[in-house]
Amino acid sequence: MLKVKNTKNGVSAFLSGFKTEDIAAKIEACKDGKCECSCDAEIMGKIQNIELLKGENGTNIVITGDVNADMLTPLMKECFLQ
């Protein structure tokens, strides 16, 4: 399950059904341009910070930068839910 919402400084997402460590590895691959999904370099350049918070029922992903839920939801679905 993936829930994405806008915040004051970017986007907050909640992802369940995956290990936080696996999510972190995918995010690092995207940052390095070595991901298996079609990460958009222009959008990645708008992201200032990505923080992962391991929760009881899943992982909270807090993304800070000039991004919004409409922009990131399709990319996150492709990257995490395939």
Side-chain angles (χ1 to χ4, degrees):
M1 173 179 65
L2 174 67
K3 292 182 182 179
V4 184
K5 64 180 181 178
N6 290 316
T7 64
K8 182 179 176 183
N9 299 320
V11 172
S12 175
F14 179 78
L15 186 62
S16 63
F18 299 90
K19 293 181 181 178
T20 302
E21 297 79 15
D22 294 341
I23 296 169
K26 285 189 176 211
I27 290 172
E28 284 304 313
C30 285
K31 284 181 182 178
D32 296 339
K34 299 176 182 173
C35 58
E36 296 173 3
C37 53
S38 60
C39 290
D40 186 318
E42 183 179 335
I43 292 175
M44 292 302 291
K46 295 180 179 187
I47 295 172
Q48 297 170 352
N49 187 44
I50 301 174
E51 183 179 1
L52 298 179
L53 306 169
K54 188 174 184 176
E56 207 173 289
N57 299 314
T59 303
N60 285 304
I61 306 168
V62 180
I63 302 169
T64 307
D66 186 22
V67 292
N68 61 52
D70 290 339
M71 183 186 298
L72 293 182
T73 299
L75 295 175
M76 293 177 85
K77 282 182 178 179
E78 180 184 343
C79 193
F80 297 126
L81 302 180
Q82 282 191 14

Can you confirm whether Leu15 sits close enough to Met1 that some side-chain heavy atom of one is under 4.5 Å from a side-chain heavy atom of the other? no

State the OG-NZ distance between Ser16 and Lys3, to the nearest 0.5 angstrom. 8.5 Å

Please evaluate residues Val11 and Lys5 with respect to the criterion side-chain contact (heavy atoms from CB on, under 4.5 Å), reporting the C-alpha separation (whole Å), side-chain torsions for both, the decisive distance (0.1 Å), and the verdict. CA-CA 6 Å; Val11 172; Lys5 64 180 181 178; over 6 Å; no

d(Asn6 CG, Ser12 OG) to nearest 0.5 Å is 10.0 Å

Only distances under 3.5 Å count here; give the side-chain donor-acceptor pairs of residues 42-60 to other protein atoms, sequence neighbours excluded, each with its distance to 0.1 Å.
from  : atom 1 : to    : atom 2 : distance (Å)
Thr59 : OG1    : Thr20 : OG1    : 2.7

Less than 3.5 Å apart, which donor and acceptor atoms pair up between the side chains of residues 61-76 and the rest of the protein, not counting sequence neighbours?
from  : atom 1 : to    : atom 2 : distance (Å)
Asn68 : OD1    : Asp70 : N      : 3.0
Asn68 : OD1    : Met71 : N      : 2.8
Thr73 : OG1    : Ala69 : O      : 2.7

Measure across Phe80 and Phe18 and return the closest heavy-atom pair with its distance rounded to 0.1 Å. O-CZ, 3.1 Å

